[in-house]
Undergrad: 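Sharing a structure here in structure tokens format.
Lettering of chains follows the sequences in order, A, B, ..., and the numbering in each one begins at 1. The basis for the numbers below is simple: all heavy atoms, side chains too, and nothing from hydrogens, waters or symmetry mates.
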Amino acid sequence: MFLMIESKIKEALLKNSQSFLGVDISSCPIQFQKTRKDVDGDITLVVFPFVKILKCSPKDAGDKIGDFLDHEIPEIKKTEAINGFLNISLSDTVWLNEIEKIYGNPSFGFSNKNSKELIMVEYSSPNTNKPLHLGHLRNIFLGDSVSEILKANGHKVVKTQIINDRGIHICKSMLAWKKFAPLNKHEEKETPNNTGIKGDKFVGKYYVEFEKHLKVETELILKQWDKHNFEDFDKSLVKNVLEIKATEKTDKLIELARNSTSLMQEAKQLLILWEARDPEVYLLWETMNAWVYNGFEKTYEKMGVNFDKYYYESQTYEQGKEVVSKGLNKRVFFKKQDGSIWINLEEDGLDNKLLLRSDGTSVYMTQDIGTALDRFHDFPEMQGMIYTVGNEQDYHFNVLFLILKKLGYSWAQNCHHLSYGMVDLPTGKMKSREGTVVDADDLMNEVINKAAETTKERGHLDSMTKLDKEDLFKTIGLGGLKYYLLKVDPKKRMMFNPDESIELTGNTGPFIQYTYARILSLINKGKFEFQAVHSEPILSEEKEVIKHLIEFPNVISESAKNLSPAIIANYLYELVKLYNHFYQSIPILKEKNEDKKSFRLAMSSSVANAIENGLKLLGIKAPEKM
RNA sequence: GGCCCCGUGGCGCAACUGAAUAGCGCAUCAGAUUUCGGCUCUGAGGGUUACAGGUUUGAAUCCUGUCGGGGUCACCA
């Protein structure tokens, strides 16, 4: 709750406590909260904190303060002290004034644009070998929503991602395509273009293909080893194998066999060629990446998500080495005898961490340091960064931010890891090996089709064109999906139930969208002018809606502070429920008194506006009809 | 094993960061409508907030321990 009247009461108390209580209370917290539903009152002052210095019972303290406020503040109708709580009833005009302010303010809840510093938000950041799945959806919706929430709070935002386009895994799908792609009747290798397969799916297919062949070859080798047939292998390897066999560590043995396959050797060879910028390999790499990006773009477009700036690991992986030498000079880092470079974080309760391999190549951490510097170089006015990455990397980001701080970058304290929990299925964890991964494209299509089915049955679509309808089904389907994934506190691991995600009742996106569409229909119906006029007495159903409505700006800033769209989602749901309760029990268009009718319409319109603004922050559209 | 996160009605989630009798949705049962768009609304049953201590006027929330679930501890990214 955030009202002008609260600060007014606060001020009055602080100013006059000496005269009417005999003591100075400025050391006590002045705390307001919502009044319980079953008690009379609008806002409640918690008086417990005063009891100690007033040296009286909570009841007496409440009575004293209540008496004072009754006389001092004209907007207060009455006060009542129960236990340690002072329940304050406000006059109707307080609420009516609030609606007057809210109504007709289209950007209600939002701060002034670009009034605050620039922040970069990183999210999505996929691996180019694997099509996007349900886990990415949570990541992407979260990152995108948080970006919008920060904007609504006045920040400038750069949305970005870092694409993992380099390394041995890419070489695997490149190799598989080279070796195994079939020719079509024109003697051409199959491509996304000549097969019609979406680019990211196409490349993903060859990654799986590689793993399949690799498995076969690995098993052959293991069998050979079992029979002590070591003819094809060099001596040092054989020695290694025998040692591991003695320890019976099968995992390690399999790992060794995998690395001994000709396929793996070829893939490694490709990586070396790539790093040497071999023209043929590089061209293949660029071609296949282009396929993937094309596929990803289609998915992002369907999601209604976009990015301002892309970073590619292939361009940043060498960065950070410079920082390492700087860190060495500052003695933040140290060098081991073999030439590898480390940082000792034991004082901070963490371990030693490697920053540069003995062969001089960089690791993940080094790259991330380099990328961070790169970004601050690209956007000098930037004040902070938010990394949307799963919570399995909590440790990594703790270390990263700590290193940046130790290197003396002041902005490091404004770097946050937006850490989110895994998405589980009712059947358990998603596992690619068991084929239980939910594909992002498939899921979106399913949800949109379902929305089409139910909306056709019950909707008000007669006047709509085919294109409009398709758009609407997308709005509803994706709205449901986004809401489902965003309504849960990001930090928490969550359960994704495919059946529930397409439900339309209960705490769902479409439920909120429906209420919005109904209000708009209400307002359009009469097509007459109305304004926020005063209408007393105000009914409790109305007051409940208004009370909740005025919290909206506060909710938006809370959600930014906590980097949590869930706060907005839950707020909207509550607002919609309160409004539906009002709608069900109080006539609006049928009301004969013009002032009351006008007031209720203005209030409804304000609610619709808040819904639209709130949904926008979740990346969800509010349909006029559905 | 060390470190980090999490345990809230059958299931899925809330609780304004310490406040009054712990809310909501699904599911179950019982009701409301000559509709302002029923994808709505009202009501009922269902809880010792994993367990045991502690701090506090006040604990789901903070501290300690136990149990259970997950993550992480690579010269992978």
Undergrad: Do A/Ser604 and A/Leu522 touch side chain to side chain, with heavy atoms closer than 4.5 Å?
TA: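 A/Ser604 reaches A/Leu522 side chain to side chain.
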Undergrad: Could you tell me how far B/A27 sits from B/G65 if I compare only their P atoms? Round to whole Å.
TA: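 Pairwise P distance, B/G65 against B/A27, rounds to 43 Å.
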Undergrad: List in chain and number order the residues that pass ring pair (Phe, Tyr, Trp, His ring centres under 6.0 Å) with A/Phe397, two or more places apart in sequence or in another chain; answer none if no residue qualifies.
TA: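 Scan of A/Phe397 (ring pair (Phe, Tyr, Trp, His ring centres under 6.0 Å), adjacent residues dropped) gives A/Tyr387, A/Phe401, A/His417.
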Undergrad: NZ/A/Lys450 to CG/A/Asp499 distance, rounded to the nearest 0.5 angstrom?
TA: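 Rounded to the nearest 0.5 Å, the NZ-CG separation comes out at 8.5 Å.
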Undergrad: When you measure from the side-chain N and O atoms of A/His581 to the phosphate of B/U40, is any distance below 4.0 Å, counting only OP1 and OP2?
TA: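 Looking at the OP1 and OP2 atoms of B/U40, neither is under 4.0 Å from any side-chain N or O of A/His581.
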Undergrad: Between A/Asp424 (CG) and B/G69 (P), how many Å, whole number?
TA: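 Spelled out: CG on A/Asp424 to P on B/G69 is 15 Å.
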Undergrad: Less than 4.0 Å between a side-chain N and a carboxylate O, is that true for A/Asp468 and A/Lys625?
TA: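 Salt bridge between A/Lys625 and A/Asp468, a charged N being under 4.0 Å from a carboxylate O: no.
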Undergrad: Between A/Phe496 (CZ) and B/C13 (P), how many Å, whole number?
TA: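 To the nearest whole Å, that distance equals 12 Å.
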Undergrad: Rounded to the nearest angstrom, tell me the gap between atom CD1 in A/Ile82 and atom C1' in B/U21.
TA: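 It works out to 13 Å between those atoms.
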Undergrad: Can you check whether any acceptor in the base of B/A15 is under 3.5 Å from a donor in the side chain of A/Asp489, or vice versa?
TA: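 Looking at the base of B/A15, it does not pair with any donor or acceptor on the side chain of A/Asp489 (distance under 3.5 Å).
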Undergrad: Regarding A/Thr261 and A/Thr218, is there a side-chain donor-to-acceptor distance under 3.5 Å anywhere?
TA: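 Not at all, the side chains of A/Thr261 and A/Thr218 share no donor-acceptor pair under 3.5 Å.
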Undergrad: Salt-bridge test for A/Glu542 and A/Lys596: reply yes if a basic N is under 4.0 Å from a carboxylate O, no otherwise.
TA: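 Between A/Lys596 and A/Glu542 there is no salt bridge, as every charged N stays at least 4.0 Å from the carboxylate O atoms.
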Undergrad: Quick one: which residue pairs count as a salt bridge (Lys or Arg N to Asp or Glu O under 4.0 Å) with a foot in residues 341-356 of chain A, not counting sequence neighbours?
TA: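 Every pair satisfying salt bridge (Lys or Arg N to Asp or Glu O under 4.0 Å) with a residue in residues 341-356 of chain A: A/Asp348-A/Lys406.
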Undergrad: Please determine whether a side-chain nitrogen or oxygen atom of A/Asn83 lies at a distance below 4.0 Å from atom OP1 or OP2 of B/A20.
TA: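 Checking B/A20 against A/Asn83, no side-chain N or O comes under 4.0 Å of OP1 or OP2.
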Undergrad: Taking any heavy-atom pair under 4.0 Å as a contact, classify A/Asp368: base, sugar-phosphate, or nothing.
TA: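 Since no nucleic acid heavy atom lies under 4.0 Å of A/Asp368, the category is nothing.
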Undergrad: Measure the distance from CE on A/Met495 to C1' on B/G69 and round it to the nearest whole Å.
TA: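 That distance rounds to 12 Å.
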Undergrad: Does a salt bridge link A/Lys172 with A/Glu211, judged by any charged N lying under 4.0 Å from a carboxylate O?
TA: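 Judged by the 4.0 Å cut-off on N to carboxylate O distance, A/Lys172 and A/Glu211 do form a salt bridge.
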Undergrad: Mind listing the residues from residues 563-571 of chain A sitting with a heavy atom below 4.0 Å of RNA chain B? Number order is fine.
TA: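 Going residue by residue through residues 563-571 of chain A, none turns out to have a heavy atom under 4.0 Å of RNA chain B.
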Undergrad: Classify A/Ile476 by what it touches in the nucleic acid, base, sugar-phosphate, or nothing, heavy-atom distance under 4.0 Å.
TA: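 A/Ile476: no heavy atom of the nucleic acid under 4.0 Å.
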Undergrad: If you go through the side-chain atoms of A/Thr44, does one of them form a donor-acceptor pair with the base of B/A19 closer than 3.5 Å?
TA: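 For A/Thr44, whose side chain was compared with the base of B/A19, there is no donor-acceptor pair (under 3.5 Å).
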Undergrad: Could you tell me whether the side-chain ring of A/Phe85 sits stacked on the base of B/A19, using a centroid cut-off under 5.5 Å and a plane angle under 30°?
TA: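 According to the criterion (under 5.5 Å, under 30°), no, A/Phe85 does not stack.
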Undergrad: Heavy-atom contacts under 4.0 Å between residues 47-62 of chain A and RNA chain B, which residues?
TA: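 Result for residues 47-62 of chain A: A/Phe48, sorted by number.
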Undergrad: Quick check: on RNA chain B, is the nucleotide nearest A/Glu624 upstream (toward 5') of the one nearest A/Tyr484, or the reverse? Name the residue that is more 5'.
TA: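 The residue mapped nearer the 5' terminus is A/Tyr484.
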Undergrad: Check for me whether the distance between the ring centres of A/Tyr207 and A/Phe210 falls short of 6.0 Å.
TA: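 No, they do not, as the ring centres are separated by 6.0 Å or more.
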Undergrad: Testing the 3.5 Å rule here: is there a donor-acceptor pair between the side chains of A/Asp374 and A/Thr316?
TA: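 Their side chains do not contain a donor-acceptor pair, so the 3.5 Å distance test is not met.
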Undergrad: Please answer whether the main-chain N or O of A/Glu122 pairs with a side-chain N or O of A/Thr388 as donor and acceptor at a distance below 3.5 Å.
TA: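 Checking the backbone N and O of A/Glu122 against the side chain of A/Thr388, a donor-acceptor pair under 3.5 Å is found.
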Undergrad: Give the nucleotide from the list B/C13, B/A20, B/C4 with an atom nearest to the side chain of A/Asp394.
TA: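 My answer, after comparing the listed nucleotides, is B/C4.
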Undergrad: Can you give one letter per nucleotide of nucleotides 71-77 of chain B, going 5' to 3': B for a protein heavy atom under 4.0 Å from the base, S for sugar-phosphate only, - for none?
TA: SSS-BSB
Undergrad: With syn defined as a glycosidic torsion within 90 degrees of 0 and anti otherwise, which applies to B/U17?
TA: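 Classified syn.
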Undergrad: Need one value for A/Gln31: base, sugar-phosphate or nothing, where a base atom within 4.0 Å counts as base even if backbone is also close, heavy atoms only.
TA: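 Base contact - A/Gln31 has a heavy atom under 4.0 Å of at least one base atom.
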Undergrad: Determine, for nucleotides 23-33 of chain B in 5'-to-3' order, which nucleotides have protein heavy atoms under 4.0 Å from the base (write B), from only the sugar-phosphate (write S), or from neither (write -).
TA: -SS--------
Undergrad: Side chain of A/Phe511 only, heavy atoms from C-beta on: which candidate in B/C13, B/A20, B/C41 is closest?
TA: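 Closest of the options to the side chain of A/Phe511: B/C41.
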Undergrad: If the threshold is 4.0 Å, N to carboxylate O, is there a salt bridge linking A/Asp63 and A/Lys59?
TA: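 A salt bridge is present here (some side-chain N lies under 4.0 Å from a carboxylate O).
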Undergrad: Quick one: does any side-chain atom of A/Ser340 pair with a main-chain N or O of A/Lys336 as donor and acceptor, under 3.5 Å?
TA: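 Side chain of A/Ser340 to backbone of A/Lys336, a donor-acceptor pair under 3.5 Å: no, none is there.
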Undergrad: Using a 4.0 Å heavy-atom cut-off, does A/Pro426 contact any base of the nucleic acid, only the sugar-phosphate backbone, or nothing at all?
TA: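 Since no nucleic acid heavy atom lies under 4.0 Å of A/Pro426, the category is nothing.
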Undergrad: Quick one: ring pair (Phe, Tyr, Trp, His ring centres under 6.0 Å) partners of A/Phe599, sequence neighbours excluded?
TA: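 Scan of A/Phe599 (ring pair (Phe, Tyr, Trp, His ring centres under 6.0 Å), adjacent residues dropped) gives none.
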Undergrad: Mind pulling the stems RNA chain B is in, i.e. runs of at least three Watson-Crick or G-U pairs, everything under 3.5 Å?
TA: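 In RNA chain B, stems of three or more pairs: B:1-7 with B:67-73, B:10-13 with B:23-26, B:28-32 with B:40-44, B:50-54 with B:62-66.
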Undergrad: Does A/Trp274 use its side chain to pair, donor to acceptor, with the backbone of A/Arg166 at less than 3.5 Å?
TA: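 Between the backbone of A/Arg166 and the side chain of A/Trp274 there is no qualifying donor-acceptor contact (under 3.5 Å).
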Undergrad: If I pick the P atom on B/C6 and the same atom on B/A15, what distance separates them, to the nearest angstrom?
TA: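 Result for the P pair: 13 Å, nearest Å.
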Undergrad: Can you check the A/Tyr583 OH to B/U42 P distance for me, whole Å?
TA: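 So the two atoms are 14 Å apart, to the nearest Å.
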Undergrad: Just how far, in rounded Å, is P of B/U61 from NZ of A/Lys491?
TA: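 That distance rounds to 16 Å.
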Undergrad: Ring pair (Phe, Tyr, Trp, His ring centres under 6.0 Å) with A/His169: which residues, sequence neighbours excluded?
TA: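 Partners of A/His169 by the ring pair (Phe, Tyr, Trp, His ring centres under 6.0 Å) criterion come out as none, since no residue qualifies.
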Undergrad: With sequence neighbours excluded, tell me which residues meet salt bridge (Lys or Arg N to Asp or Glu O under 4.0 Å) with A/Glu255.
TA: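 Partners of A/Glu255 under the salt bridge (Lys or Arg N to Asp or Glu O under 4.0 Å) test: none.
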Undergrad: A/Phe333: which residues meet the ring pair (Phe, Tyr, Trp, His ring centres under 6.0 Å) condition with it, sequence neighbours left out?
TA: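 Partners of A/Phe333 under the ring pair (Phe, Tyr, Trp, His ring centres under 6.0 Å) test: none.
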Undergrad: Please report the distance, rounded to the nearest Å, between CD1 in A/Ile43 and P in B/C16.
TA: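 One finds 19 Å between P of B/C16 and CD1 of A/Ile43, rounded.
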Undergrad: Give a yes/no verdict on a cation-pi contact between A/Arg138 and A/Tyr420, requiring under 6.0 Å between NZ or CZ and the six-membered ring centre and an angle within 45° of the axis.
TA: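 Cation-pi check for A/Arg138 and A/Tyr420: fails.
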Undergrad: Do A/Phe85 and A/Phe48 have their ring centres less than 6.0 Å from each other?
TA: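 Between A/Phe48 and A/Phe85, which both carry aromatic rings, the centre distance is below 6.0 Å.
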Undergrad: Measure across A/Tyr484 and A/Asn497 and return the closest heavy-atom pair with its distance rounded to 0.1 Å.
TA: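 So the minimum-distance heavy-atom pair works out to OH-N, 3.0 Å.
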Undergrad: Return the value, rounded to whole Å, for the distance between atom CD of A/Glu558 and atom P of B/A15.
TA: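 My rounded result for the distance is 11 Å.
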Undergrad: Considering only nitrogen or oxygen atoms on both sides, find all protein atoms under 3.5 Å from nucleotides 7-9 of chain B and state each distance.
TA:
none

Undergrad: Which part of the nucleic acid does A/Met494 contact within heavy-atom distance under 4.0 Å: base, sugar-phosphate only, or nothing?
TA: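 Result for A/Met494 = sugar-phosphate.
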